[in-house]
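Only one structure is covered here, and it is reproduced in the block below.
In this chain, numbering begins with 1 at the start of the sequence shown.
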Amino acid sequence: ATAWAIIADYSNDRRWRSGVISMESTPTGPVEAGTTTHEVIKVAGKTWTNLGVVTSVEPGHKFWWRTTSGAQASGSRQVSNDADGRSRVSLELQVTPTGIDRLTAPIAGLLLRRGLRKDSITLRALLADSQAPVRLIIYAFSTQEGMLTDGVLPAFEQDWETETGRALEIESVFGASGTLAGQINLGAPADVALLSTAEHVDWLRVGRRVRADTQPSIVGCTPMVIVTRPGNPWNIADFSSLGQDGPPGFAGRVASRRPD
């Protein structure tokens, strides 16, 4: 399934086809009969703009295509499974030289064959990498640990594997938000950071761990709870009440992250 997902989606072409400058398809995503393409490719020092169309599709197995303008070409891409479960990809390309290009056809043919061999090697490496588990490292402040490990992350792993067919391995690191931001600035390999305050995002910006124009996104809020002595002798109603004087001889204690 992974091999088909890569070769049947033209947006992947630049990842494995040499010389491709741009490749767009309409509609996007896996090919279907009638999918049209707009390709800009450089071959033997010459840049070609080719329009094409997918003429037939056997989903999950093979599709055929041809150009409608630019170079006169046609071909197919096919995925078959060996007895041991491995996928085998076959690429077919036929190019018919026209005009003055017929004079250089032997050299162009040699270059195309070399290009296909190179593309096959690149595609093989891409397929091998695409079958390896994806590893994601998340740094998050400690109060989020229960929510993430018990609900969000397992659900995300399941959705990812269902949609992509690839395993996902999530490594979570929890701690004080400022400590995590400091570790990331020192080179900790975080892919995602969930911090408790925008100030710590500023630290990452100063440390050049994120782009200068990065803006934090709020994904959750932590409730603040005020706990009083039994009976609430100071009649504390909200945060503004914390600045009042207590009863004579009574020393009130207030704990907060930032006393100022």
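Summarising the geometry, atom CZ belonging to Arg77 is positioned 9.0 Å from atom CG belonging to Leu123; distances are rounded to the nearest 0.5 Å. Distance CG/Leu116 to CD1/Ile121: 11.5 Å, rounded to 0.5 Å. Rounded to the nearest 0.5 Å, atoms CD1 (Ile137) and CD (Glu169) are 11.0 Å apart.
Side-chain contact between Val152 and Met147: present, with at least one pair of heavy atoms (C-beta onward) separated by less than 4.5 Å. You'll find the side chain of Leu136 reaches within 4.5 Å of the side chain of Ile138, heavy atoms only. The closest side-chain heavy-atom distance from Glu58 to Trp64 is below 4.5 Å. Between Pro189 and Tyr139, the closest side-chain pair of non-hydrogen atoms falls below 4.5 Å. Put simply, the side chain of Arg135 reaches to within 4.5 Å of the side chain of Glu171, judged on heavy atoms. A 4.5 Å side-chain heavy-atom check between Lys62 and Val79 finds every atom pair outside the cut-off. Put simply, the side chain of Val54 reaches to within 4.5 Å of the side chain of Tyr10, judged on heavy atoms. Counting heavy atoms from C-beta on, the side chains of Val173 and Leu180 come closer than 4.5 Å.
Judged purely by atom type and a 3.5 angstrom limit, Asp13 has no side-chain atom pairing as donor or acceptor with the backbone of Met23.
Judged by distance alone, the side chains of Ser87 and Asn81 do bring a donor and an acceptor atom under 3.5 Å apart.
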Worked check of side-chain contact (heavy atoms from CB on, under 4.5 Å) between Phe156 and Ile170: CA-CA 10 Å; Phe156 180 73; Ile170 297 180; 4.0 Å; yes
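Ion pairing between Arg17 and Glu39 holds under the 4.0 Å rule for side-chain N and carboxylate O. One finds no salt bridge joining Arg15 and Asp119 here, because no Lys/Arg side-chain nitrogen approaches an Asp/Glu carboxylate oxygen to under 4.0 Å.
Within 6.0 Å of the CH2 atom in Trp160, the count of heavy atoms belonging to other residues, nucleotides or ligands does not exceed 12. No more than 12 heavy-atom neighbours from other residues, nucleotides or ligands sit within 6.0 angstrom of CD on Gln158.
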